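Step one of this worksheet: look at the structure below.
Within every chain, numbering begins at 1; the chains are lettered A, B, ... in the order of the sequence lines, protein sequences first and strands thereafter. All values reported here derive from a predicted model rather than from experimental measurement.
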Amino acid sequence: MVWMKIKDAIKAEPGTRMTVKGWLRTRRDSKADGGLSFLVVSDGTCFDTLQVVARGDLPNYQEDIVRLTTGCSIEASGTLVESQGKGQNVELQADEISVLGWVDDPDSYPVQKKRQSFEYLREVAHLRPRTNTFGAVARVRHCLSMAVHRFFDERDFFYVHTPVITASDCEGAGEMFRVSTLDLLNLPLTDKGDIDFEQDFFGREARLTVSGQLSVETYCCALSRVYTFGPTFRAENSNTARHLSEFWMIEPETAFADLNDDADLAEEFLKYLIDELLTRRADDMKFFNQWIDKDKTLVQRLKGIIEAKFRRISYTEAVDVLGKAKKSFEFPVKWGVDLQSEHERYLTEEKFKQPVVVMDYPKEIKAFYMRQNDDGKTVAAMDVLVPRVGEIIGGSAREERLDVLDARLDELGLPKEDYWWYRDLRKYGTVPHAGFGLGFERMIQFCTSMANIRDVIPFPRAPRQADF
RNA sequence: UCCCCAGUAGCUCAAUCGGCAGAGCGGGUGGCUGUUAACCACUAGGUUCGCGGUUCAAGUCCGUGCUGGGGAGCCA
């Protein structure tokens, strides 16, 4: 008999003979017809479950079936039939059911069919994918990952694997985690009394990357269109629903492109991802719309985002809009200071009610590598802001003029020798180029309305949280 | 890291002024029914987050630590 995934089984013709395998969600018994049990089985291949009907005349009915509890794994063979009950179109009329794995202590099995809090389920991260919500998140995460690669592949971008361990201390995007094999209880010291990193594994200080951007720029300046998609690490003591210590980032980099090209790509990219998600994971998205999104308008909003052109405004215009807003802000707005969360939320949630691209920020509040505009005051940087999540993309045109880059490094007191290979790109056949970083988990949050970023990654890492 | 709130049974929560620790779900047992978060009865299940303090008496008040939530900063 053919083993079918439940995603296929529920669409098969009644009369089809099949075997299914999965985990029990619930068991309901009935005394009708001499006794029978309804087993709701999930194998995770889709949102829906399959109802398996176990009749009382199964040889192991009394011994096994009536002892089944939530979480047991089973294999069932039989015939797919139209369901006599409401709630499902088809069900499997089983003529053989074997228990693959019992739940040792049903009393304390952590995942119950009752609604459980996400905070609690985070403590049982090894079992939470068996729930509706976390199963759906996992499938959405996969779907978006595949769509990322499809999008770039279709547009002749090459996938570049940038390093996770880096010895360069110049990525400049935040606090970094140290990578070392030195014995913490017996650190080797130099004559001056400093830690002697020459004796460390890499012969120098090494850290986990905070961004693949600088690395991927090198391949951009050879292959024209590239992207990286991998884990990044921030040792910031951030305790919010939008930050992780380990998160995944997608960073495309395009040669012969300026900031407008960059914004075009970002917009096309986000719309593509949403479209793919709505098309391929309609089952899970229906669930998020109905049970996770507060207003039950998630799918409708996402469709609207695909339709409408993103609003693009300059930082200067944004400050102007905020200054004229009737709303009073906790932090006053003035040209030269970075936009606060409340400002970003106002722009994207209240003023424009759609994704907003803010461009051309004051150079003082942005990174050294961003390209200076002709006004001498701003750089060609952009942030893409979306409702409920805030900043989802940060990008810029990169400073390709060596003299301007060097002047900026000097201004910031950054040693040029640390950036030698980055500066080489500007010495040898420099070209205008631009790129951005999309926080993958924030994208999943945006697409699912999941409130906490720790619930859209399988095993979240955050300050004081590295279980599993 | 800062401000605010919370932590009680396996889970979700209640407990009035500081005065005997409670319910639903889940588990077990029995009953009923082509069931749908099934239903009915009985039953087991507690270091009230940890440490210290006030009090005749602390789940409740005070201090402190830890964990979680909301907001802020850092950012994606």
List the atom pairs, with distances to 0.1 Å, where a side-chain N or O of residues 60-70 of chain A and a protein N or O form a donor-acceptor pair under 3.5 Å, not counting sequence neighbours.
residue: A/N60; atom: ND2; partner: A/D64; partner atom: OD2; Å: 3.1
residue: A/N60; atom: ND2; partner: A/I97; partner atom: O; Å: 2.9
residue: A/Y61; atom: OH; partner: A/L36; partner atom: O; Å: 3.4
residue: A/Y61; atom: OH; partner: A/S37; partner atom: OG; Å: 2.7
residue: A/R67; atom: NH1; partner: A/E63; partner atom: O; Å: 3.0
residue: A/T70; atom: OG1; partner: A/R25; partner atom: O; Å: 2.9

Please tabulate, for side-chain N and O atoms in residues 457-468 of chain A, each donor-acceptor pair with protein atoms closer than 3.5 Å (sequence neighbours left out).
residue: A/R461; atom: NH1; partner: A/D467; partner atom: O; Å: 2.9
residue: A/R461; atom: NH2; partner: A/F468; partner atom: O; Å: 3.0
residue: A/Q465; atom: OE1; partner: A/R454; partner atom: NH1; Å: 3.3

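Across all strands shown, B/rU36 forms no Watson-Crick or G-U wobble pair with both key distances under 3.5 Å. Within the shown strands, B/rC5 is the pairing partner of B/rG68 under the Watson-Crick or G-U definition, both distances less than 3.5 Å. Base pairing analysis places B/rA14 opposite nothing; no Watson-Crick or G-U wobble pair with both distances below 3.5 Å involves it.
Among the atoms of the strands shown, only primed sugar atoms or phosphate atoms (P, OP1, OP2) are found under 4.0 Å from some heavy atom of A/Y120. Contacts of A/Q84 with the nucleic acid, taken as non-hydrogen atoms under 4.0 Å apart, include base atoms. Residue A/G85 is in base contact, counting any heavy-atom pair closer than 4.0 Å across all strands shown. Nucleic acid contact class of A/Q340 (heavy atoms, under 4.0 Å, all strands): sugar-phosphate only. Using a 4.0 Å heavy-atom criterion, one finds that A/R242 contacts the bases of the nucleic acid, with or without backbone contacts as well. Note on A/E91: a base of the nucleic acid sits closer than 4.0 angstrom, heavy atoms only. As judged by a 4.0 angstrom heavy-atom cut-off over every strand, A/L244 is placed among the base-contacting residues.
Just one of A/I274, A/L438, A/V384 meets the side chain to side chain contact (heavy atoms under 4.5 Å, CB included) condition when paired with A/F269; it is A/L438.
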